[in-house]
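Fair warning: this is a prediction, and the values are worked out from it, not measured in the lab. The sequence lines fix the lettering, A, B, ..., with proteins before strands; numbering per chain opens at 1.
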2 protein chains.
Amino acid sequence: MRDVATMAGVGIATVSRVVNGKPGVTPDLAEKVTRAAELLGYRHDMTASSLRRADRRTHTLGLILEDAANPFSAALHRAVEDTAAERGVLVLAGSTDEDPVRERGLVRTFTARRVDGLIVVPTGRTDTDLDAARGAGTPVVCVDRPTSVREVDTVTVDNRAGVRAAVGRLHAAGHRRIAFLGDLPTIWTAEERHAGFVEGLAETGSVLHPALVRRAVHGVEAAQEATRELLALPRPPTALVSGQNLVTVGVRKTLQDLRRQHDVALIGFDDLPFADLLDPGISVIAQDPVAIGREAATLLFDRVDGDPGPARHRVLTTRYLARGSGELPGPGGV
Amino acid sequence: MRDVATMAGVGIATVSRVVNGKPGVTPDLAEKVTRAAELLGYRHDMTASSLRRADRRTHTLGLILEDAANPFSAALHRAVEDTAAERGVLVLAGSTDEDPVRERGLVRTFTARRVDGLIVVPTGRTDTDLDAARGAGTPVVCVDRPTSVREVDTVTVDNRAGVRAAVGRLHAAGHRRIAFLGDLPTIWTAEERHAGFVEGLAETGSVLHPALVRRAVHGVEAAQEATRELLALPRPPTALVSGQNLVTVGVRKTLQDLRRQHDVALIGFDDLPFADLLDPGISVIAQDPVAIGREAATLLFDRVDGDPGPARHRVLTTRYLARGSGELPGPGGV
DNA sequence: CCGAGGTCTGGAAACGTTTCGCCGAAACGT
DNA sequence: ACGTTTCGGCGAAACGTTTCCAGACCTCGG
């Protein structure tokens, strides 16, 4: 930069002004500067820039996901990237694999890099590190799950209402024995979805058959096993509600193995790519990762811009996608 | 940091040594420093650190994808993230949506942030900006597609061989009228897959029916339309080869609409999530995004470490996943 | 007892940028 | 013609860190 200044025969401050496109510099001087910069192959150094700059903005944001490879996270990531890009902000992403230790590490690294803000899918409910980051001046938005720190903004989905409505539909279609397969209860969303199931039964005046509630079903294989067991009961369920992506896949696999997919209703939580290719299509309670990501980024940028208001907690709704498997009639129905 | 130094009653240089865990500092002094840092809530600033540091490493790497939300990119991203994490490097990702202008912008922003290296899925074959970045000292690895700049390392997949083998299988199963549906010819992989199709026909001594080759089929709807047209031909194909993910979905949708999915063979390029839930399952020529990402990151880090050798071009093989749709027999077969 | 060599430690310079304070000149009003 | 404002431009200081260099202290062998 100094070289550019001397070559253009101007002061170093002028070069800075030209590079940043600031006003108050004669056109022909600016021209000379750009020419010299071009000639010398000068590249602006954003790291040094944000070091000295008054606002100390690094124009980078940290995104802590469960797993960058899973479709939900990927869509979220893209949505965040897009809204960030509108402001010239880049996103630094990391995966925790639900490991609080890795989450902790990522929060530390990101804050050490002076990201402008943090969007986190928290692994646990108690996150002292997030609070520390917030205390150190890095805004934080929690996504998909709440956190124990009351003061952070959150963007979540009304898991309960989604499952409740699904149960209502199944009941209306005549189903009286509805089973639930949920993920590990340590995961907040799994708990909520289970609660929604219980509420849904209560709302329709149905009885809750404990044998039809399977929790801590994690992954495809466990779901297959659990489904097999449920259908082998003396009085098997006529409808299944799955609380998670991979569980839905496992359930459906077993249903197909037993040739019961046209026979036993199934509603899953979270959309599956290409689920409408199946026969019957898998009906799901879908959340909108794009909306979630956009909302989270918007909230975060408000804070980055200095909004000091109280914590905001956005709750997005789910959408039911009827594809067939959830519309199969039960014995008590029409 | 200066505050920490004065509080611990030591010099600023000692604090730096302690923070970086460098040897040659008395344990009790180190203890005092860490205590003071703790008390003052001191956080190391990596940006300032890498500014002054001798190696000028920013421990960040740029990843330019087609679309962070698509499953292939997501898996690639995760693989890169993992190998980078082993070295304490974070990854900054951006999506181009196949737009050379956005790619150009991302390359510029990333280099302005002084990333240690760049992993790029290039949009076009001629990338002068990539060369500029390389010239400026930022190592570059191209992934999924080659680039016109000979000197950059690449990691690609043998698209031709994959499709060729698929055609061979179909021929062996008795298919004599095999159609091909490929993506936009501007995309290198689409070209290669088409070439593989032609080669495959030649290898098996089959004739190439121009009416059965559809190129520039982009997206689900176009694929549906094209499939409908192909099957409406006077002498329709008995097997279809799809050159892309979404095209495969469109083809299959139409096959199901016409109830021909058990009748017309289908092999797609690129795996689909949960493709084995379908009946028949969709057979695909799969690439391994994890292996690609790992390889690309490894290559890149070699360069970051100063390896000055000639450009290396890794070509990974595809794997055929037989799930049923590609195993349907043709009229000329057994 | 003294000097050489080693180990710790601290101050200052440097990294590449932005910003502050200041200056000279030109434009303006009286 | 002169004071005053305005404006473009300049050098130097600062951002938070690492690294160079030199100084202080200790130990040990001669």
Side-chain angles (χ1 to χ4, degrees), chain A residues 1-34 36-37 40-60 88 108-116 136-138, chain B residues 1-34 36-37 40-60 88 108-116 136-138:
Chain A
M1 175 152 161
R2 221 177 325 252
D3 300 342
V4 174
T6 53
M7 176 165 184
V10 303
I12 173 173
T14 306
V15 177
S16 173
R17 273 188 282 265
V18 170
V19 168
N20 291 29
K22 287 199 179 170
V25 52
T26 347
D28 70 330
L29 257 196
E31 168 65 17
K32 260 198 290 189
V33 170
T34 40
L40 264 60
Y42 165 79
R43 337 233 83 189
H44 190 95
D45 188 331
M46 272 217 42
T47 65
S49 167
S50 61
L51 175 61
R52 182 56 175 97
R53 205 174 214 104
D55 56 6
R56 309 280 283 124
R57 290 283 157 67
T58 175
H59 287 272
T60 309
R108 292 195 127 95
T109 335
F110 283 158
T111 50
R113 276 160 205 253
R114 296 292 185 268
V115 292
D116 294 341
T138 309
Chain B
M1 175 153 162
R2 217 173 333 245
D3 300 342
V4 173
T6 53
M7 175 163 184
V10 303
I12 175 173
T14 308
V15 176
S16 173
R17 273 187 279 262
V18 171
V19 168
N20 291 33
K22 287 197 178 168
V25 53
T26 346
D28 70 330
L29 255 197
E31 168 66 16
K32 262 198 288 189
V33 169
T34 41
L40 264 60
Y42 165 79
R43 339 232 79 189
H44 191 106
D45 187 332
M46 271 216 44
T47 65
S49 166
S50 62
L51 176 60
R52 183 54 174 98
R53 207 174 213 104
D55 56 6
R56 308 277 286 122
R57 290 282 157 68
T58 175
H59 288 273
T60 308
R108 292 195 126 96
T109 335
F110 282 159
T111 49
R113 278 161 204 252
R114 297 292 187 267
V115 292
D116 294 341
T138 309

Legend entry - Range-with-range stems of DNA chain C (Watson-Crick or G-U pairs under 3.5 Å, three or more in a row): C:1-30 with D:1-30
Inset, instruction - Output every pair passing salt bridge (Lys or Arg N to Asp or Glu O under 4.0 Å) with a member in residues 43-55 of chain B, not counting sequence neighbours, ordered by first then second residue. - result: Arg56(A)-Asp45(B), Arg114(A)-Asp45(B)
Legend entry - d(CG, Leu29(A); C1', dC10(D)) in whole Å: 12 Å
For a quick test of reading the model, state the closest non-hydrogen atom pair linking [X] to [Y] and the distance between them.
{"X": "Glu31(B)", "Y": "Thr34(B)", "result": "O-OG1, 2.7 Å"}
{"X": "Thr138(A)", "Y": "Thr111(A)", "result": "OG1-CG2, 3.9 Å"}
{"X": "Thr58(A)", "Y": "Val115(A)", "result": "CG2-CA, 3.6 Å"}

Legend entry - Presence of Thr14(A) side-chain N/O under 4.0 Å of dG8(D) phosphate oxygens OP1/OP2: no
Inset, instruction - For Met46(A), enumerate each residue passing the side-chain contact (heavy atoms from CB on, under 4.5 Å) test, keeping only those at least two apart in sequence or located in another chain. - result: His44(A), His59(A), Ala112(B), Arg113(B)
Can you give me the N/O atom pairs linking the protein to nucleotides 15-18 of chain D at distances under 3.5 Å, or say none if there are none?
unit_1: dT17(D); atom_1: OP1; unit_2: Tyr42(B); atom_2: OH; d: 2.9
unit_1: dT17(D); atom_1: OP1; unit_2: Asp45(B); atom_2: N; d: 3.1
unit_1: dT18(D); atom_1: OP1; unit_2: Asn20(B); atom_2: OD1; d: 2.9
unit_1: dT18(D); atom_1: OP1; unit_2: Asn20(B); atom_2: ND2; d: 2.8
unit_1: dT18(D); atom_1: OP2; unit_2: Ser16(B); atom_2: OG; d: 2.6
unit_1: dT18(D); atom_1: O2; unit_2: Arg52(B); atom_2: NE; d: 3.2

Legend entry - Annotated protein contacts, base or backbone, on nucleotides 22-28 of chain C with a non-hydrogen cut-off under 4.0 Å, one of B, S, - each: -------
Expected list for residues 11-26 of chain B: side-chain donor-acceptor pairs under 3.5 angstrom, two or more places apart:
none

